[in-house]
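Here is the structure we will look at, set down as structure tokens.
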Amino acid sequence: MAALSKSVPHSCYEIGHTWNPSCFTSYLQITQSAMEESLKIYAPLYLVAAILRRRKLDYYIHRLLPELLRSTSFLTANGSLYIAFFCILRRGLLTIYMANQASETLFRMGVTRGYLKPIRHGEVLLFCITAALYMFFFRCKDGLQGFAFSALKFIVGKEEIPAHSLLPETMYAKTGKKSKERTETSRRFNIFSLIRKLMDSICKHGPRHRCCKHYGDNCISYCIKGFIRMFSVGYLIQCCLRVPSTFRHLFTKPSRLLSLFYNKENFQLGAFLGSFVSIYKGTSCFLRWVRNLDDELHALVAGFLAGISMMFYKSTTISMYLASKLVETMYFKGIEAGRCPYFPHADSVIYAVSTAVCFHAAVLEVHNLRPSYWKFLLRLTKGRFATMNRKALDVFGSEASKNFKNFIPGLDPRYTVVKPNLPIHFS
């Protein structure tokens, strides 16, 4: 690490905003592009959310615009303030580098330096552990609340609501009443009623344990129906995500419309969600049959085995996000129990540190940055983040120019500290 003692005798123009020698103009350009991209991201998001939540007219008149501008200004500040302080602290690049040494603890950087070895299917293993703990907390009394509880209730179904919340007799009465209402409603829709009859005929004589709360369905049909339901949800979600990119090429390449419905990712996400639910329900039913009781600990085993479903749809993003939210949940539970200290504004500090780590990697070691996040930064700055003179930063030993070997910025010699090398002629 001898390179850490070296300095960089370049200006912020020679390294950072190589597209324009003016710091202020570069700041305005980044701010404009970041604001435009932020509006493109948040405007549809807030509008769709308002429609789905059935907001009243008063929300659209008085609250929609302020909320949209607040989120837009937040994301814009990430890009604009970074380039601003890059110029303000142009004499302290070594300090920035030293301050971000904590980023070496990140997995990608550890692997690059040989400190860590990647685990095969590591994202699947992490998801298995996370799913096991999530489902255990879901089954525990007051284990999960708010959105997390509602999301799991939607995914695995009301039948897997914690056993302590309702007595079997009460659950049976309520479920029987609701099942009659569902039957009357389903009769109005021939397609759904036919599917239900087909599933009932397939598993008509299957068994159901007395501890199972999926009244009206035996254990086999309970698992099959869970798979079909969540497979359909996953398939439709992936289709909706592909709608914008598909319709953008609708007139130039009409054949791409078929890819909206017949795409491998659509079936992968459907298989992931469907198999997760069916494995979880199947394991839970099996353990109830084997142990002859309904125990909260069953959720640990069922959740872990259900996590294997991520083999259909591997995603480090999903695994890391859910694991982080799980740590957050456990931390707040520790605070409620008086076992963990409370740190004011901890979320702001964590966000600031995380942003520093990501921006450090975006400057000094792009090869260790998540590709999707790097593409996002390019969108946010209209490609200007890729025009930094990273060859001048190779002195720090982080292989900053590894992905930019052929890039040479077109600098104006009038504004440079280190003059470009001129060809030498020998007489």
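In what follows, residues are counted from 1 in the order of the sequence shown.
Within the 4.5 Å cutoff, the side chain of H360 has heavy atoms near those of the E365 side chain. Side-chain contact between V363 and F385 is present, with heavy atoms from C-beta onward closer than 4.5 Å. F312 places none of its side-chain heavy atoms less than 4.5 Å from the side chain of F267. Taking 4.5 Å as the limit, every side-chain heavy atom of F272 sits out of range of all side-chain heavy atoms of M230. Using a 4.5 Å cut-off on side-chain heavy atoms (C-beta onward), T387 and F407 make contact. Using a 4.5 Å cut-off on side-chain heavy atoms (C-beta onward), T316 and Y321 make no contact.
Distance NZ/K213 to OG/S284: 10.5 Å, rounded to 0.5 Å. Here the SG-CD1 distance, from C223 to I228, works out to 11.5 Å after rounding to the nearest 0.5 Å.
Judged by distance alone, with hydrogens and angles left aside, the side-chain atoms of K402 form no donor-acceptor pair with the main-chain N or O of H367 at under 3.5 Å. Under a 3.5 Å cut-off, the side chain of K158 and the backbone N or O of K153 do not form any donor-acceptor pair. Looking at S315, its side chain does come within 3.5 Å of a backbone N or O of I318 through a donor-acceptor pair. Judged purely by atom type and a 3.5 angstrom limit, T283 has no side-chain atom pairing as donor or acceptor with the backbone of Y280. Of the possible donor and acceptor atoms, one in the side chain of S319 sits under 3.5 Å from a partner among the backbone N and O of E123. Formation of a donor-acceptor pair under 3.5 Å by the T18 side chain with backbone atoms of I15 is not found in this model.
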Given the rule in the salt bridge (Lys or Arg N to Asp or Glu O under 4.0 Å) test, do R291 and D295 qualify, once you have shown the distances and angles that lead to the verdict?
CA-CA 9 Å; R291 301 190 64 203; D295 194 353; 3.2 Å; yes
For K391 and E399: C-alpha separation, side-chain torsions, deciding distance, then whether salt bridge (Lys or Arg N to Asp or Glu O under 4.0 Å) applies.
CA-CA 8 Å; K391 287 189 177 181; E399 298 183 284; over 6 Å; no
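For Y134, the ring-ring contact (aromatic ring centres under 6.0 Å, His included) criterion is met by no residue, not counting sequence neighbours. Residues passing the side-chain contact (heavy atoms from CB on, under 4.5 Å) test with E67 are Y46, Y59, R63, R70, sequence neighbours excluded.
Residues E328 and K325 are paired through a salt bridge, judged by an N-O separation under 4.0 Å between the basic side chain and the carboxylate.
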Output a table of donor-acceptor pairs, distance under 3.5 Å, between side-chain atoms of residues 30-43 and any protein atom two or more places apart or on a different chain; print 'none' if there are none.
unit_1: T31; atom_1: OG1; unit_2: Y27; atom_2: O; d: 2.7
unit_1: Q32; atom_1: NE2; unit_2: E36; atom_2: OE2; d: 3.2
unit_1: S33; atom_1: OG; unit_2: Q29; atom_2: O; d: 3.2
unit_1: S33; atom_1: OG; unit_2: I30; atom_2: O; d: 3.0
unit_1: S33; atom_1: OG; unit_2: L380; atom_2: O; d: 3.2
unit_1: E36; atom_1: OE1; unit_2: K382; atom_2: NZ; d: 2.7
unit_1: E37; atom_1: OE2; unit_2: R379; atom_2: NE; d: 3.0
unit_1: E37; atom_1: OE2; unit_2: R379; atom_2: NH2; d: 2.4
unit_1: S38; atom_1: OG; unit_2: A34; atom_2: O; d: 2.6

